[in-house]
Undergrad: 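Right, I'll just put the structure down here and ask away after.
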Amino acid sequence: MSEKRNIVLITLDSVRADHCSFMGYHRKTTPNIDRMAREGLYFENAIASGVPTPSSMVGVFTGEYSLVDTTCVDPKPWREEFTQRRTIAQVLSDKGYYAGAIHENAYVSKYYGFNKGFKYYNDSPTANSFKIKMKIHNKILVPMFRKLCFSTEIPDMIMGVGVCVHWESYYNIIINWIKTVKEPLFLWVLLLDTHTPYIPPRKFRKHCNSFQAYYYAWKLGKILRAKSKANENSKKKFIDIYDDCIRYADAFVKRLWDDLKDADPIFIIHADHGDGFGEHEFYQHIAPHWLYEELVHVPLVIYNADVKGKIEEPVSLLGIAPTILELINEQNEFPSKSLLHYDKGWVVSKIFSEGRIKVAVRTKHWKFITGQKSKDELYYLKKDPYEQINVIDEHPDLAKEMGKIAELHIKHSMEIIKVKNVLSAYRFKSRK
């Protein structure tokens with residue numbers, strides 16, 4: 001066995017904390033992660049640094065907030081995020097780790113710069129494994145559905161590729177890669193099985209049948225495109241199918257652990273963000289992006305390390321990179337603090353979206369948000385976990401103090417954005 005511990009980072013796309021059974025959810029959605037939480041360390045109030053996936057994962061990899069507009073699909077600003085920053089993969093590689101990543105999420109691909117520090121980065125595993133499927137998908141189905149004005153997610157559903165890929169279709173790629181590399185290794189896997197459109201495999205359809213899985217996936221897509229509302233029955237079915245998808249992702253965690261336990265890896269399991277089901281009149285996590293609990297409160301578990309128990313105080317996913325270094329007895333090289341020693345009592349989520357900076361300050365029981373609406377928001381989460389009642393007028397002193405924290409973050413972010421713009425303009429002039 002290697003002297004240095006192997007590390008496996010598993011990111012579950014779009015999984016809310018309140019839909020995980022170890023976090024108190026009424027359904028047994030995460031039986032295997034439940035056991036790891038009981039035997040390891042879990043965090044009751046883990047908060048994503050931003051939404052959606054690219055913003056969140058920049059924070060996970062670098063320990064710093066992303067300031068790229070969350071609606072930006074141009075890869076250049078995202079690649080620039082990593083230019084002056086070190087990533088956890090880069091740091092571990094420098095310490096002798098073989099760093100590899102396998103996933104199917106285009107927005108955290110090599111194209112967007114997320115491969116920095118990885119020696120192996122496979123961001124299209126199904127394209128390699130299912131070439132015939134991909135040809136049918138790309139050459140026939142996508143053009144046909146575009147011509148018919150239907151969602152291009154339907155071909156994804158039919159062929160089981162893209163956002164509809166199942167982890168079983170590339171699981172052997174993960175295992176075969178592990179067999180070919182020397183330890184210690186750092187493996188990052190991101191699962192899209194819990195991302196819309198929610199299509200669990202047949203054997204995991206506990207709360208829906210095959211017709212319902214595809215029909216409600218189509219219906220949710222229609223609602224998202226039309227920005228309309230769903231009735232209560234549709235909401236219930238969306239949640240039923242979503243929960244089945246979480247159970248399927250949980251099965252991946254068990255299978256990977258069973259196959260790797262002889263290598264004694266540290267498992268870190270988290271979500272990048274959650275999904276909305278109409279709590280604030282939006283579904284999924286589409287733009288404009290928000291900072292409500294259904295999107296930023298995520299599961300986080302550390303298993304098979306020398307840490308156990310439960311941490312109730314809020315922590316940020318910015319702390320994952322320094323925590324990994326602490327778990328392998330290395331000095332922190334990131335600007336954020338380890339999850340094991342975070343003691344501020346509050347965390348911040350922030351995003352730059354559509355020209356505005358939105359900031360949420362989260363304590364164990366209170367949440368202050370600015371930049372989302374014309375009026376600042378304050379919620380008492382202990383009695384109002386779904387943030388339905390803005391109590392900012394009833395608690396002006398608390399709102400003022402939490403607002404000061406938010407204001408500091410806004411000023412700091414604006415300074416960074418201003419410097420970036422000046423440097424970008426200077427580089428452009430230099431080329432002329």
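Heavy atoms only: backbone and side chains are in, while hydrogens, waters and symmetry mates are out.
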Undergrad: Assess, by modelled atom type and distance only, whether the side chains of Asn122 and Tyr170 contain a donor and an acceptor separated by less than 3.5 Å.
TA: no
Undergrad: Does the side chain of Asp259 pick up a donor-acceptor pair with the side chain of Tyr171 at under 3.5 Å?
TA: yes
Undergrad: Distance under 6.0 Å and angle within 45° of the ring axis: does Lys110 meet both against Tyr121?
TA: no
Undergrad: Would you confirm whether Lys206, through its side chain, and Asp243, through its main-chain N or O, come within 3.5 Å as a donor-acceptor pair?
TA: no
Undergrad: Check whether the side chains of Thr70 and Ser55 place a donor and an acceptor atom closer than 3.5 Å, and report yes or no.
TA: no
Undergrad: Do the ring centers of His273 and His195 come within less than 6.0 Å of each other?
TA: no
Undergrad: Might you point out which heavy atoms bring Thr29 and Cys20 nearest each other, and give the distance in Å?
TA: OG1-CA, 3.6 Å
Undergrad: Spell out, as yes or no, whether a donor-acceptor pair under 3.5 Å connects the side chain of Lys367 to the backbone of Leu291.
TA: yes
Undergrad: Please assess Asp18 against Arg16 for the test salt bridge (Lys or Arg N to Asp or Glu O under 4.0 Å), listing each intermediate value before the final yes or no.
TA: CA-CA 5 Å; Asp18 63 355; Arg16 300 164 52 134; 2.9 Å; yes
Undergrad: Can you tell me if CG on Asn231 sees more than 12 non-hydrogen neighbours from other groups inside 6.0 Å?
TA: yes
Undergrad: Do the side chain of Thr180 and the main chain of Trp177 share a donor and acceptor less than 3.5 angstrom apart?
TA: yes
Undergrad: How many angstroms lie between CD in Glu81 and CD in Glu64, if you round to the nearest 0.5 Å?
TA: 8.5 Å
Undergrad: Tell me whether Ile175 at atom CD1 has more than 12 heavy atoms from other residues, nucleotides or ligands lying less than 6.0 Å away.
TA: yes
Undergrad: According to the interplanar angle, ranging from 0 to 90°, do the rings of Phe186 and Phe118 count as parallel (below 30°), tilted (30 to 60°) or perpendicular (above 60°)?
TA: parallel
Undergrad: Checking Thr196 side chain against Gln284 main chain: does a donor-acceptor pair fall under 3.5 Å?
TA: no
Undergrad: At their closest point, which heavy atom of Gly355 faces which heavy atom of Asp69, and how far apart are they?
TA: N-OD2, 3.5 Å
Undergrad: For the backbone of Leu339 and the side chain of Thr323, can you confirm whether one donor and one acceptor N or O come within less than 3.5 Å of each other?
TA: yes
Undergrad: Kindly compute the distance separating CG (Leu9) from CD1 (Ile88), expressed to the nearest 0.5 Å.
TA: 9.0 Å
Undergrad: Look at the rings of Trp257 and Tyr303 and say which category their plane angle falls in: under 30° parallel, 30 to 60° tilted, over 60° perpendicular.
TA: perpendicular
Undergrad: Could you walk me through whether Asp258 and Arg255 satisfy the salt bridge (Lys or Arg N to Asp or Glu O under 4.0 Å) test, starting with their C-alpha distance in whole Å, then the side-chain angles of each, then the deciding distance to 0.1 Å, before giving a yes or no?
TA: CA-CA 5 Å; Asp258 288 344; Arg255 183 168 171 184; over 6 Å; no
Undergrad: Would you say Lys364 has more than 12 foreign heavy atoms packed within less than 6.0 Å of its NZ?
TA: yes
Undergrad: Give a yes or no answer on whether the side chain of Tyr65 reaches the backbone of Val348 with a donor-acceptor pair at less than 3.5 Å.
TA: yes
Undergrad: Between Pro335 and Gly63, what is the shortest heavy-atom contact and its length?
TA: CG-O, 3.7 Å
Undergrad: Ring centroid separation for Tyr380 and Trp366, is it under 6.0 angstrom?
TA: yes
Undergrad: Can you tell me which residue among Trp167, Tyr242, Tyr198, Tyr248 is in a ring-ring contact (aromatic ring centres under 6.0 Å, His included) with Phe204?
TA: Tyr248
Undergrad: Kindly state whether the ring of Tyr379 and the ring of Tyr386 have centres lying under 6.0 angstrom apart.
TA: no
Undergrad: If only side-chain N and O atoms count, and only distance matters, is there a donor-acceptor pair under 3.5 Å linking Arg362 with Ser349?
TA: no
Undergrad: Does Lys116 use its side chain to pair, donor to acceptor, with the backbone of Phe82 at less than 3.5 Å?
TA: yes
Undergrad: Has Tyr97 got a side-chain atom pairing as donor or acceptor with Arg5's backbone, closer than 3.5 angstrom?
TA: yes
Undergrad: Knowing that exactly one of Lys28, Arg27, Lys254 qualifies, which makes a salt bridge (charged side-chain N to carboxylate O under 4.0 Å, His left out) with Asp34?
TA: Lys28
Undergrad: Grab the two heavy atoms, one from Ser413 and one from Ile357, that are nearest each other, plus how far apart they are.
TA: CB-CD1, 3.5 Å
Undergrad: Above 12 or not: heavy atoms from other molecules or residues under 6.0 Å from CD of Gln388?
TA: yes
Undergrad: Does Thr30 use its side chain to pair, donor to acceptor, with the backbone of Ser21 at less than 3.5 Å?
TA: yes
Undergrad: Just checking, is any N or O donor in the side chain of Thr370 or Asp376 under 3.5 Å from an acceptor N or O on the other one?
TA: yes
Undergrad: Arg205 side chain to Pro200 main-chain N or O, any donor-acceptor pair under 3.5 Å?
TA: yes
Undergrad: Sort out for me which residue in Ile173, Ile174, Ile178, Asn172 forms a side chain to side chain contact (heavy atoms under 4.5 Å, CB included) with Asn176.
TA: Asn172
Undergrad: Should the pair Trp188 and Phe61 be assigned to parallel (<30°), tilted (30 to 60°) or perpendicular (>60°) ring geometry?
TA: perpendicular
